[in-house]
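Written below as C-alpha coordinates is the structure these notes are about.
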Amino acid sequence: MTIPVLEITNLHKKFGEVEVLKGIDLTMQSGNVVSLIGSSGSGKTTLLRCVNLLEDYEDGVVAVEGEQIGYKQHKGRRIRLKEREIARQRAMTGMAFQHFNLFPHMSAIHNVMLGLIKTRKTPKDEAYAAAEGWLDRVGMKNWKDHYPGQLSGGQQQRVAIARAIAMNPVLMLFDEVTSALDPELVSEVLAVVKDLASDGMTMLLVTHEMQFAHDVSDTVVFMQDGRIGEQGPPEQLFHNPKSERLAAFLKNSKF
Amino acid sequence: MDIMQALDAIWSARWPLLDGFGNTILISAVSILLGTPLGVGVGLILSYGNRVLRFIVRLYSDFLRGTPVFVLILACFYILSIVGIQLSAFQAGVFALTLFCSSHVGEIVQGALKTIPKGQTEAAKSVGLTFFGTFFSVLLPQALRMILPTWVTTATEIVKASTLLSVIGVVELLLATQQVISRTYLSLELYFFAGLVFFLINFAIEKAGRFVERKVSLPN
(Lines give C-alpha, C1' and ligand atoms only; values in the text may rest on other atoms or scores of the structure.)
Protein backbone atom coordinates (compact mmCIF):
# COMPACT_ATOMS: atom_id res chain seq x y z
CA MET A 1 0.00 0.00 0.00
CA THR A 2 1.40 3.37 -0.98
CA ILE A 3 1.55 6.23 1.47
CA PRO A 4 -1.67 8.26 1.26
CA VAL A 5 -1.33 11.82 -0.05
CA LEU A 6 -3.38 13.03 2.85
CA GLU A 7 -4.11 11.23 6.08
CA ILE A 8 -6.06 12.97 8.80
CA THR A 9 -6.51 11.13 12.06
CA ASN A 10 -8.67 12.21 14.96
CA LEU A 11 -8.27 15.93 14.17
CA HIS A 12 -9.48 18.34 16.83
CA LYS A 13 -9.57 22.11 16.54
CA LYS A 14 -10.87 24.78 18.90
CA PHE A 15 -11.48 28.47 18.48
CA GLY A 16 -11.19 29.57 22.10
CA GLU A 17 -13.74 27.47 23.95
CA VAL A 18 -15.65 26.43 20.86
CA GLU A 19 -14.64 23.10 19.40
CA VAL A 20 -15.12 23.34 15.63
CA LEU A 21 -13.54 20.03 14.64
CA LYS A 22 -14.40 17.13 16.89
CA GLY A 23 -12.33 14.24 15.63
CA ILE A 24 -12.01 14.05 11.85
CA ASP A 25 -10.59 11.05 10.02
CA LEU A 26 -9.99 11.31 6.30
CA THR A 27 -7.64 9.57 3.92
CA MET A 28 -6.91 10.52 0.33
CA GLN A 29 -4.91 8.54 -2.18
CA SER A 30 -3.12 10.03 -5.16
CA GLY A 31 -5.59 11.20 -7.78
CA ASN A 32 -8.54 11.34 -5.39
CA VAL A 33 -10.94 14.24 -5.64
CA VAL A 34 -12.82 14.81 -2.40
CA SER A 35 -15.49 17.45 -1.91
CA LEU A 36 -16.46 18.75 1.50
CA ILE A 37 -20.06 19.89 1.71
CA GLY A 38 -22.21 20.99 4.60
CA SER A 39 -23.87 24.05 6.03
CA SER A 40 -21.78 27.02 7.09
CA GLY A 41 -20.21 26.56 10.48
CA SER A 42 -19.91 22.82 10.01
CA GLY A 43 -16.12 23.09 9.96
CA LYS A 44 -15.32 22.32 6.33
CA THR A 45 -13.21 25.42 5.65
CA THR A 46 -11.42 25.03 8.98
CA LEU A 47 -10.61 21.43 8.10
CA LEU A 48 -9.15 22.55 4.78
CA ARG A 49 -7.08 25.26 6.46
CA CYS A 50 -5.64 22.79 8.97
CA VAL A 51 -4.12 20.83 6.10
CA ASN A 52 -1.65 23.62 5.28
CA LEU A 53 -1.58 24.94 8.83
CA LEU A 54 -3.26 28.25 8.13
CA GLU A 55 -5.02 27.07 11.29
CA ASP A 56 -3.15 25.33 14.08
CA TYR A 57 -4.79 22.21 15.43
CA GLU A 58 -4.89 21.02 19.01
CA ASP A 59 -5.05 17.28 18.70
CA GLY A 60 -4.74 14.52 16.16
CA VAL A 61 -2.52 14.30 13.12
CA VAL A 62 -2.62 15.83 9.66
CA ALA A 63 -0.08 14.08 7.46
CA VAL A 64 0.76 14.91 3.87
CA GLU A 65 2.67 12.13 2.13
CA GLY A 66 3.29 10.57 5.50
CA GLU A 67 4.80 13.70 7.04
CA GLN A 68 2.97 15.30 9.95
CA ILE A 69 2.13 18.91 9.18
CA GLY A 70 3.15 21.56 11.69
CA TYR A 71 4.19 19.42 14.64
CA LYS A 72 6.54 16.71 15.73
CA GLN A 73 6.54 14.35 18.66
CA HIS A 74 9.43 14.79 20.99
CA LYS A 75 9.71 12.67 24.13
CA GLY A 76 5.98 12.15 24.12
CA ARG A 77 5.27 15.85 23.73
CA ARG A 78 3.91 17.67 20.75
CA ILE A 79 6.15 20.49 19.53
CA ARG A 80 5.34 23.02 16.83
CA LEU A 81 7.88 22.94 14.03
CA LYS A 82 10.07 25.91 13.18
CA GLU A 83 8.70 28.59 10.87
CA ARG A 84 11.05 27.54 8.05
CA GLU A 85 9.98 23.89 8.28
CA ILE A 86 6.32 24.85 8.24
CA ALA A 87 6.89 27.06 5.22
CA ARG A 88 8.46 24.11 3.39
CA GLN A 89 5.53 21.88 4.33
CA ARG A 90 2.99 24.44 3.19
CA ALA A 91 4.56 24.42 -0.26
CA MET A 92 3.75 20.70 -0.55
CA THR A 93 0.12 21.67 -0.95
CA GLY A 94 -1.40 24.41 -3.09
CA MET A 95 -4.37 26.49 -2.10
CA ALA A 96 -6.95 28.57 -3.93
CA PHE A 97 -8.98 30.96 -1.82
CA GLN A 98 -12.52 32.23 -1.87
CA HIS A 99 -11.31 35.81 -2.40
CA PHE A 100 -8.42 34.85 -4.75
CA ASN A 101 -5.89 36.82 -2.66
CA LEU A 102 -3.73 37.70 -5.62
CA PHE A 103 -0.91 40.11 -4.81
CA PRO A 104 -2.24 43.42 -6.15
CA HIS A 105 1.21 44.95 -6.71
CA MET A 106 2.34 42.21 -9.08
CA SER A 107 1.28 41.37 -12.62
CA ALA A 108 -0.42 38.02 -13.21
CA ILE A 109 2.79 36.32 -14.24
CA HIS A 110 4.74 37.68 -11.27
CA ASN A 111 2.04 36.40 -8.97
CA VAL A 112 2.66 32.93 -10.35
CA MET A 113 6.45 33.33 -10.30
CA LEU A 114 6.80 34.47 -6.69
CA GLY A 115 6.59 31.06 -5.03
CA LEU A 116 8.78 29.48 -7.70
CA ILE A 117 11.52 32.04 -7.16
CA LYS A 118 11.34 32.49 -3.38
CA THR A 119 10.42 28.99 -2.26
CA ARG A 120 11.61 26.68 -5.01
CA LYS A 121 14.64 28.86 -5.83
CA THR A 122 13.91 28.43 -9.54
CA PRO A 123 16.04 30.71 -11.76
CA LYS A 124 14.05 33.71 -13.01
CA ASP A 125 13.92 32.77 -16.70
CA GLU A 126 12.84 29.21 -15.90
CA ALA A 127 10.21 30.50 -13.48
CA TYR A 128 8.95 32.88 -16.14
CA ALA A 129 8.62 30.10 -18.70
CA ALA A 130 6.90 27.81 -16.21
CA ALA A 131 4.53 30.54 -15.06
CA GLU A 132 3.67 31.37 -18.65
CA GLY A 133 2.88 27.72 -19.28
CA TRP A 134 0.54 27.52 -16.30
CA LEU A 135 -1.19 30.76 -17.22
CA ASP A 136 -1.73 29.26 -20.66
CA ARG A 137 -3.21 26.18 -19.06
CA VAL A 138 -5.85 28.27 -17.26
CA GLY A 139 -6.45 30.38 -20.36
CA MET A 140 -4.79 33.51 -18.96
CA LYS A 141 -1.60 33.73 -21.01
CA ASN A 142 -2.80 36.79 -22.91
CA TRP A 143 -3.35 38.58 -19.60
CA LYS A 144 0.03 37.73 -18.09
CA ASP A 145 1.13 41.36 -17.81
CA HIS A 146 -2.17 42.58 -16.38
CA TYR A 147 -2.47 43.47 -12.72
CA PRO A 148 -5.16 41.87 -10.55
CA GLY A 149 -7.06 45.17 -10.47
CA GLN A 150 -7.45 44.95 -14.24
CA LEU A 151 -8.92 41.44 -14.21
CA SER A 152 -12.43 40.12 -13.60
CA GLY A 153 -13.09 37.91 -10.59
CA GLY A 154 -13.08 34.78 -12.70
CA GLN A 155 -9.82 35.75 -14.35
CA GLN A 156 -8.24 36.54 -10.98
CA GLN A 157 -9.31 33.18 -9.64
CA ARG A 158 -7.81 31.39 -12.63
CA VAL A 159 -4.50 33.20 -12.09
CA ALA A 160 -4.69 32.29 -8.40
CA ILE A 161 -5.16 28.63 -9.32
CA ALA A 162 -2.19 28.85 -11.70
CA ARG A 163 -0.14 30.37 -8.87
CA ALA A 164 -0.97 27.37 -6.67
CA ILE A 165 -0.45 24.58 -9.20
CA ALA A 166 2.77 26.11 -10.52
CA MET A 167 4.34 24.99 -7.25
CA ASN A 168 3.66 21.43 -8.36
CA PRO A 169 1.83 20.49 -5.15
CA VAL A 170 0.97 16.90 -4.23
CA LEU A 171 -2.46 18.10 -3.14
CA MET A 172 -4.59 21.06 -4.15
CA LEU A 173 -6.92 22.71 -1.67
CA PHE A 174 -9.85 24.69 -3.04
CA ASP A 175 -11.72 26.85 -0.55
CA GLU A 176 -15.08 27.87 -2.02
CA VAL A 177 -13.34 29.18 -5.11
CA THR A 178 -16.54 30.27 -6.82
CA SER A 179 -18.54 31.74 -3.90
CA ALA A 180 -17.26 35.27 -4.43
CA LEU A 181 -17.89 35.25 -8.18
CA ASP A 182 -20.73 36.65 -10.22
CA PRO A 183 -22.86 33.76 -11.53
CA GLU A 184 -21.72 34.18 -15.12
CA LEU A 185 -18.06 33.81 -14.09
CA VAL A 186 -18.48 30.59 -12.11
CA SER A 187 -18.31 28.21 -15.05
CA GLU A 188 -14.93 29.39 -16.36
CA VAL A 189 -13.34 28.67 -12.97
CA LEU A 190 -15.09 25.33 -12.54
CA ALA A 191 -13.90 24.34 -16.00
CA VAL A 192 -10.31 24.92 -14.91
CA VAL A 193 -10.80 22.86 -11.74
CA LYS A 194 -12.44 20.07 -13.73
CA ASP A 195 -9.59 20.10 -16.21
CA LEU A 196 -7.09 19.65 -13.36
CA ALA A 197 -9.16 16.85 -11.84
CA SER A 198 -9.30 14.95 -15.11
CA ASP A 199 -5.55 15.32 -15.30
CA GLY A 200 -5.17 13.30 -12.12
CA MET A 201 -4.50 16.12 -9.65
CA THR A 202 -5.30 15.14 -6.06
CA MET A 203 -7.79 17.68 -4.78
CA LEU A 204 -9.69 18.53 -1.64
CA LEU A 205 -12.48 21.02 -2.25
CA VAL A 206 -14.87 22.96 -0.11
CA THR A 207 -17.80 23.87 -2.30
CA HIS A 208 -21.38 25.01 -2.37
CA GLU A 209 -21.76 23.96 -6.00
CA MET A 210 -23.53 20.63 -5.50
CA GLN A 211 -23.78 19.76 -9.18
CA PHE A 212 -20.06 20.41 -9.53
CA ALA A 213 -19.22 18.31 -6.46
CA HIS A 214 -21.38 15.57 -7.92
CA ASP A 215 -19.62 15.67 -11.29
CA VAL A 216 -16.02 16.07 -10.26
CA SER A 217 -15.50 14.12 -7.03
CA ASP A 218 -15.00 10.47 -6.36
CA THR A 219 -15.80 10.97 -2.69
CA VAL A 220 -18.15 13.48 -1.12
CA VAL A 221 -17.91 14.23 2.58
CA PHE A 222 -20.88 15.76 4.35
CA MET A 223 -19.82 17.62 7.47
CA GLN A 224 -22.08 18.49 10.35
CA ASP A 225 -21.18 20.09 13.68
CA GLY A 226 -17.46 19.49 13.32
CA ARG A 227 -17.78 15.81 12.49
CA ILE A 228 -18.05 13.81 9.31
CA GLY A 229 -21.75 13.08 9.04
CA GLU A 230 -21.65 10.89 6.03
CA GLN A 231 -19.23 10.10 3.24
CA GLY A 232 -19.21 8.07 0.09
CA PRO A 233 -19.36 8.23 -3.68
CA PRO A 234 -21.41 11.17 -5.04
CA GLU A 235 -24.22 8.95 -6.42
CA GLN A 236 -24.82 7.49 -3.00
CA LEU A 237 -24.65 10.78 -1.07
CA PHE A 238 -26.67 12.87 -3.44
CA HIS A 239 -29.27 10.32 -4.54
CA ASN A 240 -29.45 8.08 -1.55
CA PRO A 241 -28.60 10.03 1.61
CA LYS A 242 -28.72 7.95 4.76
CA SER A 243 -29.22 10.68 7.33
CA GLU A 244 -32.11 13.11 7.56
CA ARG A 245 -29.65 15.96 8.10
CA LEU A 246 -28.03 15.36 4.73
CA ALA A 247 -31.38 14.91 3.01
CA ALA A 248 -32.55 18.22 4.48
CA PHE A 249 -29.29 19.91 3.52
CA LEU A 250 -29.55 18.72 -0.07
CA LYS A 251 -33.17 19.79 -0.26
CA ASN A 252 -32.18 23.33 0.75
CA SER A 253 -29.22 23.42 -1.63
CA LYS A 254 -29.55 24.10 -5.30
CA PHE A 255 -28.97 20.46 -6.17
CA MET B 1 12.95 97.81 1.49
CA ASP B 2 15.61 98.11 -1.11
CA ILE B 3 15.43 94.96 -3.18
CA MET B 4 18.68 95.60 -4.99
CA GLN B 5 20.49 96.04 -1.70
CA ALA B 6 19.04 92.79 -0.38
CA LEU B 7 19.93 90.87 -3.51
CA ASP B 8 23.38 92.34 -3.34
CA ALA B 9 23.77 91.23 0.30
CA ILE B 10 22.56 87.73 -0.58
CA TRP B 11 24.91 87.58 -3.53
CA SER B 12 27.94 88.62 -1.58
CA ALA B 13 27.06 86.11 1.14
CA ARG B 14 26.32 83.38 -1.38
CA TRP B 15 29.03 80.99 -0.22
CA PRO B 16 28.13 80.87 3.46
CA LEU B 17 24.44 80.72 2.51
CA LEU B 18 25.08 77.91 0.07
CA ASP B 19 27.04 76.14 2.79
CA GLY B 20 24.04 76.46 5.10
CA PHE B 21 21.73 75.27 2.36
CA GLY B 22 23.97 72.28 1.74
CA ASN B 23 23.93 71.44 5.44
CA THR B 24 20.16 71.68 5.60
CA ILE B 25 19.88 69.26 2.69
CA LEU B 26 22.50 66.93 4.15
CA ILE B 27 20.93 66.88 7.62
CA SER B 28 17.46 66.25 6.23
CA ALA B 29 18.53 63.65 3.70
CA VAL B 30 20.64 61.64 6.16
CA SER B 31 17.93 61.76 8.85
CA ILE B 32 15.24 60.63 6.42
CA LEU B 33 17.40 57.94 4.81
CA LEU B 34 18.38 56.49 8.19
CA GLY B 35 15.06 57.13 9.91
CA THR B 36 12.89 55.49 7.27
CA PRO B 37 14.33 51.95 7.36
CA LEU B 38 14.56 52.24 11.14
CA GLY B 39 10.89 53.25 11.09
CA VAL B 40 10.00 50.24 8.95
CA GLY B 41 11.65 48.14 11.66
CA VAL B 42 9.60 49.95 14.30
CA GLY B 43 6.41 49.31 12.32
CA LEU B 44 7.38 45.67 11.82
CA ILE B 45 7.89 45.11 15.54
CA LEU B 46 4.75 47.04 16.51
CA SER B 47 2.79 44.80 14.13
CA TYR B 48 4.38 41.39 14.58
CA GLY B 49 6.82 41.55 17.49
CA ASN B 50 6.38 39.46 20.61
CA ARG B 51 4.90 41.08 23.69
CA VAL B 52 8.17 42.24 25.27
CA LEU B 53 9.61 43.66 22.08
CA ARG B 54 6.34 45.35 21.24
CA PHE B 55 6.17 46.94 24.67
CA ILE B 56 9.69 48.34 24.41
CA VAL B 57 9.21 49.71 20.92
CA ARG B 58 5.78 51.09 21.83
CA LEU B 59 7.45 53.00 24.66
CA TYR B 60 10.21 54.19 22.31
CA SER B 61 7.75 55.42 19.72
CA ASP B 62 5.32 57.06 22.14
CA PHE B 63 8.13 58.78 23.99
CA LEU B 64 9.69 60.18 20.84
CA ARG B 65 6.42 61.36 19.40
CA GLY B 66 5.35 62.89 22.68
CA THR B 67 8.53 64.93 23.07
CA PRO B 68 9.13 68.22 21.23
CA VAL B 69 11.83 67.75 18.58
CA PHE B 70 13.57 70.74 20.11
CA VAL B 71 13.92 68.93 23.44
CA LEU B 72 15.06 65.81 21.65
CA ILE B 73 17.85 67.71 19.91
CA LEU B 74 19.02 69.34 23.13
CA ALA B 75 18.90 65.99 24.90
CA CYS B 76 20.96 64.25 22.23
CA PHE B 77 23.54 66.98 22.31
CA TYR B 78 23.88 67.60 26.06
CA ILE B 79 22.73 64.42 27.77
CA LEU B 80 24.52 61.87 25.58
CA SER B 81 27.83 63.56 26.34
CA ILE B 82 27.19 63.13 30.07
CA VAL B 83 26.88 59.37 29.63
CA GLY B 84 30.09 59.33 27.65
CA ILE B 85 28.82 59.38 24.08
CA GLN B 86 30.60 62.27 22.43
CA LEU B 87 28.78 63.45 19.34
CA SER B 88 29.46 66.60 17.38
CA ALA B 89 26.57 69.05 17.16
CA PHE B 90 25.93 67.88 13.62
CA GLN B 91 25.91 64.19 14.59
CA ALA B 92 23.73 64.79 17.65
CA GLY B 93 21.25 66.76 15.57
CA VAL B 94 21.05 64.16 12.83
CA PHE B 95 20.70 61.47 15.50
CA ALA B 96 17.75 63.30 17.07
CA LEU B 97 16.00 63.85 13.75
CA THR B 98 16.60 60.21 12.76
CA LEU B 99 14.88 59.04 15.95
CA PHE B 100 12.04 61.49 15.35
CA CYS B 101 11.65 60.27 11.77
CA SER B 102 11.75 56.59 12.76
CA SER B 103 8.93 56.96 15.29
CA HIS B 104 6.67 58.69 12.79
CA VAL B 105 7.45 56.28 9.96
CA GLY B 106 6.95 53.41 12.41
CA GLU B 107 3.42 54.55 13.22
CA ILE B 108 2.37 55.00 9.61
CA VAL B 109 3.91 51.68 8.59
CA GLN B 110 2.03 49.94 11.38
CA GLY B 111 -1.18 51.63 10.28
CA ALA B 112 -0.65 50.57 6.68
CA LEU B 113 0.16 46.96 7.60
CA LYS B 114 -3.06 46.81 9.59
CA THR B 115 -5.13 47.63 6.53
CA ILE B 116 -3.65 44.89 4.31
CA PRO B 117 -6.14 41.99 4.20
CA LYS B 118 -5.15 38.82 6.04
CA GLY B 119 -5.63 36.88 2.82
CA GLN B 120 -2.41 38.40 1.48
CA THR B 121 -0.36 36.80 4.24
CA GLU B 122 -2.24 33.53 3.86
CA ALA B 123 -1.69 33.42 0.11
CA ALA B 124 2.02 34.11 0.60
CA LYS B 125 2.25 31.37 3.22
CA SER B 126 0.39 28.95 0.98
CA VAL B 127 3.15 29.19 -1.65
CA GLY B 128 5.73 28.48 1.04
CA LEU B 129 7.00 31.96 1.87
CA THR B 130 8.53 32.44 5.30
CA PHE B 131 7.64 35.34 7.58
CA PHE B 132 10.36 37.59 6.18
CA GLY B 133 9.67 36.49 2.62
CA THR B 134 6.05 37.40 3.10
CA PHE B 135 6.95 40.73 4.68
CA PHE B 136 9.45 41.89 2.09
CA SER B 137 7.78 40.52 -1.07
CA VAL B 138 4.12 40.94 -0.27
CA LEU B 139 3.37 43.22 2.67
CA LEU B 140 6.05 45.91 2.56
CA PRO B 141 5.63 46.83 -1.13
CA GLN B 142 1.93 47.35 -0.51
CA ALA B 143 2.49 49.23 2.74
CA LEU B 144 5.07 51.55 1.19
CA ARG B 145 2.67 52.54 -1.57
CA MET B 146 0.07 53.35 1.05
CA ILE B 147 2.35 55.39 3.28
CA LEU B 148 3.95 57.41 0.49
CA PRO B 149 1.78 60.57 0.85
CA THR B 150 2.15 60.60 4.64
CA TRP B 151 5.83 59.81 4.38
CA VAL B 152 6.32 62.86 2.14
CA THR B 153 4.71 64.99 4.83
CA THR B 154 7.07 63.51 7.40
CA ALA B 155 10.01 64.34 5.13
CA THR B 156 8.94 67.98 4.93
CA GLU B 157 8.54 68.03 8.72
CA ILE B 158 12.14 66.85 9.02
CA VAL B 159 13.34 69.65 6.72
CA LYS B 160 11.51 72.19 8.86
CA ALA B 161 12.76 70.63 12.09
CA SER B 162 16.35 70.79 10.80
CA THR B 163 16.29 74.55 11.53
CA LEU B 164 16.24 73.66 15.24
CA LEU B 165 19.79 72.41 14.92
CA SER B 166 20.82 76.06 14.81
CA VAL B 167 20.45 76.25 18.59
CA ILE B 168 23.24 73.73 19.13
CA GLY B 169 25.42 75.59 16.66
CA VAL B 170 24.99 73.64 13.46
CA VAL B 171 25.30 76.16 10.64
CA GLU B 172 22.37 75.12 8.52
CA LEU B 173 20.44 77.52 6.32
CA LEU B 174 18.71 79.38 9.15
CA LEU B 175 21.84 79.97 11.22
CA ALA B 176 23.80 80.90 8.08
CA THR B 177 21.09 83.45 7.29
CA GLN B 178 21.19 84.83 10.82
CA GLN B 179 24.94 85.24 10.57
CA VAL B 180 24.52 87.29 7.39
CA ILE B 181 21.81 89.36 9.08
CA SER B 182 24.11 90.14 11.98
CA ARG B 183 26.51 91.71 9.51
CA THR B 184 24.03 93.44 7.22
CA TYR B 185 20.98 94.12 9.46
CA LEU B 186 18.71 93.20 6.52
CA SER B 187 16.61 90.92 8.72
CA LEU B 188 13.28 91.21 6.90
CA GLU B 189 14.75 90.58 3.47
CA LEU B 190 17.00 87.74 4.51
CA TYR B 191 14.43 85.93 6.64
CA PHE B 192 12.07 86.18 3.72
CA PHE B 193 14.75 84.76 1.49
CA ALA B 194 15.42 81.86 3.87
CA GLY B 195 11.70 81.18 4.17
CA LEU B 196 11.42 81.09 0.40
CA VAL B 197 14.29 78.60 0.11
CA PHE B 198 12.70 76.31 2.72
CA PHE B 199 9.43 76.52 0.87
CA LEU B 200 11.13 75.61 -2.39
CA ILE B 201 12.88 72.59 -0.82
CA ASN B 202 9.60 71.26 0.53
CA PHE B 203 7.77 72.10 -2.66
CA ALA B 204 10.33 70.04 -4.57
CA ILE B 205 9.89 67.15 -2.11
CA GLU B 206 6.10 67.27 -2.52
CA LYS B 207 6.44 67.30 -6.31
CA ALA B 208 8.93 64.44 -6.27
CA GLY B 209 6.56 62.53 -3.98
CA ARG B 210 3.67 63.02 -6.39
CA PHE B 211 5.87 61.89 -9.24
CA VAL B 212 6.89 58.70 -7.45
CA GLU B 213 3.29 58.11 -6.41
CA ARG B 214 2.21 58.21 -10.05
CA LYS B 215 5.10 55.96 -11.05
CA VAL B 216 4.31 53.21 -8.56
CA SER B 217 0.52 53.45 -8.62
CA LEU B 218 -1.12 50.20 -9.66
CA PRO B 219 -3.16 50.03 -12.84
CA ASN B 220 -6.81 49.18 -12.47
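Just so it is clear: chains get the letters A, B, ... in the order the sequence lines come, proteins before strands, and each one is counted from 1. A quick note: this is a predicted structure, and the numbers were derived from the prediction, not measured.
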Requested in this report: Would you check, one step at a time, whether the test side-chain contact (heavy atoms from CB on, under 4.5 Å) holds for A/I161 with A/V189?
Outcome: CA-CA 9 Å; A/I161 292 171; A/V189 172; 4.1 Å; yes

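- For A/M92, no part lies near chain B; criterion is any non-hydrogen pair under 4.5 Å.
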Requested in this report: Could you check B/I10 against B/L17 for side-chain contact (heavy atoms from CB on, under 4.5 Å), going step by step and ending with a plain yes or no?
Outcome: CA-CA 8 Å; B/I10 291 167; B/L17 285 176; 3.9 Å; yes

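- Counting heavy atoms from C-beta on, the side chains of B/D19 and B/V171 never come closer than 4.5 Å.
- Using a 4.5 Å cut-off between heavy atoms, A/L53 does not touch chain B at all.
- The heavy-atom pair separating A/A166 from A/V112 by the smallest distance is CB-CG1, 3.6 Å.
- Listed here is the closest heavy atom pair of A/G115 and B/L129: CA-CD1, 4.4 Å.
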Query raised in the report: How far apart are the C-alpha atoms of A/V62 and A/L6, what are their side-chain angles, what is the distance that settles it, and do they pass the side-chain contact (heavy atoms from CB on, under 4.5 Å) test?
Result: CA-CA 7 Å; A/V62 175; A/L6 175 67; 4.0 Å; yes

Let me see the donor-acceptor pairs closer than 3.5 Å between chain B and chain A, or none if nothing turns up.
{"unit_1": "B/G119", "atom_1": "O", "unit_2": "A/N101", "atom_2": "ND2", "d": "3.2"}
{"unit_1": "B/Q120", "atom_1": "NE2", "unit_2": "A/L102", "atom_2": "O", "d": "2.8"}
{"unit_1": "B/E122", "atom_1": "OE1", "unit_2": "A/R49", "atom_2": "NH1", "d": "3.0"}
{"unit_1": "B/E122", "atom_1": "OE2", "unit_2": "A/R49", "atom_2": "NH1", "d": "3.3"}
{"unit_1": "B/E122", "atom_1": "OE2", "unit_2": "A/R49", "atom_2": "NH2", "d": "2.8"}
{"unit_1": "B/V127", "atom_1": "O", "unit_2": "A/T119", "atom_2": "OG1", "d": "2.7"}
{"unit_1": "B/G128", "atom_1": "O", "unit_2": "A/T119", "atom_2": "OG1", "d": "3.4"}
{"unit_1": "B/F131", "atom_1": "N", "unit_2": "A/E83", "atom_2": "OE2", "d": "3.4"}
{"unit_1": "B/S137", "atom_1": "O", "unit_2": "A/H105", "atom_2": "NE2", "d": "2.9"}

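- For a residue to count as touching a neighbouring chain, one of its non-hydrogen atoms must lie under 4.5 Å from one of that chain's; by this rule A/F103 touches chain B with backbone and side chain alike.
- Applying the 6.0 Å contact sphere to CZ of B/F135 captures more than 12 heavy atoms from other residues, nucleotides or ligands.
- Counting heavy-atom pairs closer than 4.5 Å to chain B, the top residue among A/G149, A/G94, A/P104 is A/P104.
- Atom CZ of B/F132 and atom CG of B/L139 lie 12.0 Å apart (nearest 0.5 Å).
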